[in-house]
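Contents: one structure, followed by commentary.
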Amino acid sequence: MYWLYKTEPEECSIDDFASTPDKAIIWEGVRNYQARNFLRAATLDDLVLIYHSSCKLIGLAGIARVVKTAYPDPSQFNPGSIYFDGKSKTEQPRWSAVDLVFVEKFPALVPLDKLKRSSKLEQLALVQKGSRLSVMPVQPDEWQVMLAMAKQE
DNA sequence: GCCAACGTTGGC
DNA sequence: GCCAACGTTGGC
């Protein structure tokens, strides 16, 4: 399966993946139920487009791969974490995390407005008005369209 | 920094 | 179960 995950690059960017290519990075802190459900649907070796948001250069930055499927997000139990959730119980964790590893960084970032201008990406939640979903599925044809954009620059 | 759109909370 | 108030997201 294919996915798109949003991240603020100051928090976790494609360069963080690229600088530690052999290290699994935990994708934690997702605190939205719809996004969480998509996280839980990931299977081993799924590919993930890494999208940089809330920053100067907004768009697709590269690709990562799922190396560990959903497990309880440890940050929900850590009172020192900004992601701490006191209402989540150990015996029934509310939030999930996955582990990702670096695959590639695009030679040039694919900007959001370019994604918006493609008629083939209209179904993608990312480009829909008001959408705040941070973890979303990508259809195979959408994946191909976005990869082609990444290669041609 | 602004603000529209959205999700969550909590009183009723 | 409704819905107003509030907090958050995220592009601009």
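For the pair A:Gln34 CD and C:dT8 P, the interatomic distance rounds to 20 Å; values are reported in whole Å. A:Leu133 places its CG atom 12 Å from the C1' atom of C:dT9, with the value rounded to the nearest Å. When rounded to the nearest whole Å, the span between CE of A:Met136 and C1' of C:dG10 equals 12 Å. Between A:Asn32 atom CG and B:dT9 atom P the separation is 11 Å, expressed in whole Å. Following rounding to the nearest Å, A:Ile82 (CD1) and C:dG7 (P) show an atom-to-atom distance of 18 Å. Going from atom CZ of A:Arg31 over to atom P of B:dT9 covers 13 Å, rounded to whole Å. As rounded to whole Å, 13 Å separates atom P of C:dT8 from atom OH of A:Tyr83. Rounded to a whole Å, the CG atom of A:Leu4 is 11 Å from the P atom of C:dG10.
You'll find the ring centres of A:Trp95 and A:Tyr33 inside the 6.0 Å limit.
Which of C:dG10, C:dG11, B:dG10 sits closest to the side chain of A:Arg132 comes down to C:dG10. When the nucleotides B:dG10, C:dC12, C:dG10 are ranked by their closest atom to the side chain of A:Leu112, C:dC12 comes out on top. Relative to the side chain of A:Lys129, the nucleotides B:dA4, C:dG11, B:dG7 differ in distance, and B:dA4 lies closest. Closest approach to the A:Tyr33 side chain among C:dG10, B:dA4, B:dT8 is made by B:dT8 (side chain taken as heavy atoms from C-beta onward).
Comment: A:Arg31 does not engage A:Asp85 in a salt bridge, judged by the lack of any side-chain N to carboxylate O separation of less than 4.0 angstrom.
When the side-chain nitrogen and oxygen atoms of A:Lys6 are compared with OP1 and OP2 of C:dG10, one or more of them lie within a distance under 4.0 Å. Listed pair A:Tyr51 / C:dT9 fails the phosphate criterion, with no side-chain N or O lying under 4.0 Å from OP1 or OP2. Between A:Lys56 and C:dG10, a side-chain N or O to OP1/OP2 separation shorter than 4.0 Å is absent.
Note on A:Val127: it clusters hydrophobically with A:Val135, by side-chain heavy-atom contacts below 4.5 Å among ILVMFWY residues.
Between the side chains of A:Asp46 and A:Thr43, at least one donor-acceptor pair of N or O atoms lies under 3.5 Å.
The heavy-atom pair separating A:Leu109 from A:Leu57 by the smallest distance is CD1-O, 3.7 Å.
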